[in-house]
Colleague: 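Got a structure for you, written out below as structure tokens; questions coming shortly.
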Amino acid sequence: MRIVIAEDSAVIRAGLKEILADRGHEIVAAVGDAEALLKAVETHDPDVAIVDVRMPPHHTDEGLRAAIAIRRAYPKVGILVFSQYIETRYASDLLSMRSGGVGYLLKDRVADVTEFTDAITRVAAGGTALDPEVVTGLLRATRHTAVLDALTARERDVLALMAEGRSNAAIADRFKVSERAVEKHVGNIFAKLGLPPSDEDHRRVLAVLAFIGER
Amino acid sequence: MTETARTPETAASSVRRALAAPFTKRAWAELGYTVTSFLLAVAAVTFIVPMLENGIFWAVSTTPVRKLGTAARFLARAQLGEDIPAPPPLRPVSYVKVATPDAAVAAGLAKTVAAAGGRAREWETKPGLTTSYLPPSQVAGLAAAAGVAFTAVVPRNELANYFGTRIRDSAGWRARAYFLVKLPLAALAMSVIAVRWAGGLFLVTFPAWRALGLRGFGGLGADNSLAAVLLGILLLFSAPWATHALTRADLWLMRGLLVGSGSSAQRIQVLEQSRARVVDDSAARLRGIERDLHDGTQAQLVAVAMKLGLARDKLYDPSSVDLARVTQLVEDAHRGALEAIADLRTLARGIHPPVLDNGLADALATLADRSAVPVELITDIQERPSAAIETIAYFSAAELLANVARHSGARRATLEAVHVPGLLRVRVTDDGAGGAKPTQNGGLRGLAERVRTVDGRIEISSPHGGPTTVTVELPSHA
């Protein structure tokens with residue numbers, strides 16, 4: 001995959017380059033601020049952009065705003081936002097545009113190299129990769145809405161794991177149930193959320209976005 | 001807890017200092033200041049005295065008198081490097097008359113106005129009051145907020161405000177008092193110059209004058225040329241000390257009269273500003289610490305975790321382990337972890353140096369040892385000041401020593417911390433290039449602001465060519 005990295009800490013930037021190169025990805029650009037990120041995406045048209053939320057000059061949410069701009073201008077480019085803190089507001093800002101190819105992870109997750117590179121692959125393929133903490137935060141904020149009230153507790157748990165980007169097999173493994181059982185839950189979720197039958201992957205993304213959109 | 005660490009050469013060096021006294025830059029600076037400040041005092045008194053005639057003159061002379069005060073502070077700063085804070089600007093009186101139908105209402109409003117920092121005087125003939133120092137809109141707002149039914153809020157006319165503001169300006173009166181006391185002091189200082197500097201010079205060179213044909217002068221003749229020279233030397237060497245003492249007296253007078261007065265309204269204003277500074281200061285420090293953690297330690301640790309994660313994944317498959325690569329990753333991670341620990345230690349020390357728990361003397365000793373410029377440490381702290389004061393004193397000393405190392409080009413410095421009842425004095429002296437002054441966003445400015453938050457004060461003496469002495473005085477308990 002062709003990847004652009006935007007991260008102002010030189011230490012982390014170097015670490016990311018090392019990990020991704022090790023997994024055979026091509027780093028087409030590694031930049032330190034939002035402006036350079038926008039330019040790099042324009043020049044290189046990468047598969048994925050990995051974006052730190054806090055970057056110069058103000059160290060607030062420059063990266064996130066750049067990520068949203070990229071999603072508008074280049075919907076095909078997958079965006080993986082990562083930061084040292086999880087702000088639910090940031091996540092819902094980013095996810096409020098209803099399409100896949102987006103992720104939001106804590107920087108700590110990078111340490112689990114395989115999971116991290118899997119997340120990048122999912123995002124590049126149009127899926128989602130939400131940090132469990134993001135999902136927890138969003139669920140907390142969403143608890144009392146009509147959509148979620150219609151789901152059973154188990155269905156809510158399944159939806160949360162879907163938001164993280166887990167496959168049915170992974171969810172089944174987590175809950176120690178059969179994959180069949182998970183498929184049934186997922187089907188119920190699709191039905192309760194009123195998602196029309198279509199390509200399974202696409203429906204998963206829509207389900208996740210529906211519940212985020214409910215906030 | 002007393003600790004005095006003087007180097008043995010101190011006695012010799014003080015003799016050397018006494019001999020060199022007339023020839024230091026500071027002595028020449030004080031000599032120059034004596035002359036210029038004398039001229040200013042003559043001009044000021046010539047202006048002020050006739051203007052004491054009547055109230056109209058008082059009012060119109062207030063602004064020029066304040067300017068004269070500014071000129072005096074300017075001379076002290078430009079020639080002596082002494083920073084005398086300016087009094088607050090003229091505070092407009094802005095009289096407002098409030099008529100009410102009810103005397104009790106007037107009394108209530110008078111209290112509200114006083115609480116808001118204004119002044120209020122109730123009328124004797126009918127219910128109502130005249131307020132001062134608050135703008136009319138604020139008075140109207142206070143009246144409305146207190147639910148006071150008032151019949152009218154009338155700003156008194158501009159002319160009354162103009163005269164009231166200027167005649168009541170305490171800074172103006174204090175400046176007048178300063179110049180009236182300064183003039184005789186300056187005259188005395190000039191006579192010191194005439195007798196000790198000029199007279200001394202004349203006597204030292206008396207044999208030369210005789211050679212040029214001068215027969216005698218006063219009681220001096222050919223027989224006592226030697227006595228004349230000796231007397232001249234004595235006068236010349238005592239001259240800088242006399243000038244120095246009189247300059248000190250002048251600066252003391254300036255600090256008493258040319259800075260803000262102690263009225264309670266102004267005191268409240270000062271306290272409000274200092275509280276705002278405390279809040280801003282601590283918020284900025286927390287932000288700084290968060291940034292340091294985020295950019296430094298946290299990033300370091302994330303990188304360490306990444307490297308270890310990669311190494312672990314490589315070890316999962318024992319059949320094809322690239323041992324050299326894994327070793328490299330672990331080594332990188334190890335180095336990163338050590339760097340993170342060092343970062344964390346520096347950061348923790350910046351928040352609260354642990355050695356400060358043992359007392360200021362120990363903490364300052366550590367600071368002096370770490371300084372790039374050799375520091376002579378003199379501490380006399382019998383009783384511990386409060387923790388907040390110790391912390392401010394410590395960071396003041398740290399900032400000042402850092403300045404010495406960074407800017408002054410000094411070869412050695414002295415750090416002195418003395419605690420007398422009620423007052424902790426920290427003084428840093430260096431033999432560097434001088435010319436230190438507080439600049440916008442500079443370290444000295446930040447230091448001055450932090451010191452002011454606890455009602456302390458900072459005195460900077462740094463003529464060009466040096467030496468630089470910065471004194472920080474803090475109350476023992478804050």
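Lettering follows sequence order; numbering is per chain, from 1.
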Colleague: Within the 4.5 Å heavy-atom criterion, are A:Lys107 and B:Gln298 side-chain neighbours or not?
Modeller: no
Colleague: Quick check on B:His352: does its NE2 atom have over 12 non-hydrogen neighbours (other residues, nucleotides or ligands) under 6.0 Å away?
Modeller: yes
Colleague: Counting only non-hydrogen atoms closer than 4.5 Å, can you tell me which residues of residues 19-40 of chain A sit against chain B?
Modeller: A:Ile19, A:Asp22, A:Arg23
Colleague: Quick check: under 4.5 Å, non-hydrogen atoms only, which of residues 49-60 of chain A neighbour chain B?
Modeller: A:Arg54, A:His59
Colleague: Might you confirm whether atom CZ of B:Arg325 has over 12 heavy atoms from other residues, nucleotides or ligands at distances under 6.0 Å?
Modeller: yes
Colleague: B:Thr468: which residues meet the side-chain contact (heavy atoms from CB on, under 4.5 Å) condition with it, sequence neighbours left out?
Modeller: B:Asp430, B:Ala436, B:Ser462, B:Val470
Colleague: Side chain, backbone, both or neither: which part of A:Thr114 has a non-hydrogen atom closer than 4.5 Å to chain B?
Modeller: both
Colleague: With only heavy atoms counted, which part of B:Leu329 is less than 4.5 Å from chain A, the side chain, the backbone, both or neither?
Modeller: side chain
Colleague: Counting only heavy atoms closer than 4.5 Å, note whether B:Leu308 contacts chain A via side chain, backbone, both or neither.
Modeller: neither
Colleague: So do A:Ile12 and B:Met306 actually touch side chain to side chain, heavy atoms under 4.5 Å?
Modeller: yes
Colleague: Evaluate the side-chain proximity of A:Val113 to B:Lys314: yes if any heavy-atom separation is below 4.5 Å, no if none is.
Modeller: no
Colleague: Crowded around B:Arg370 CZ? As in, over 12 foreign heavy atoms under 6.0 Å?
Modeller: yes
Colleague: Mind checking salt bridge (Lys or Arg N to Asp or Glu O under 4.0 Å) for A:Asp8 and listing every partner two or more places apart, or none if nothing turns up?
Modeller: none
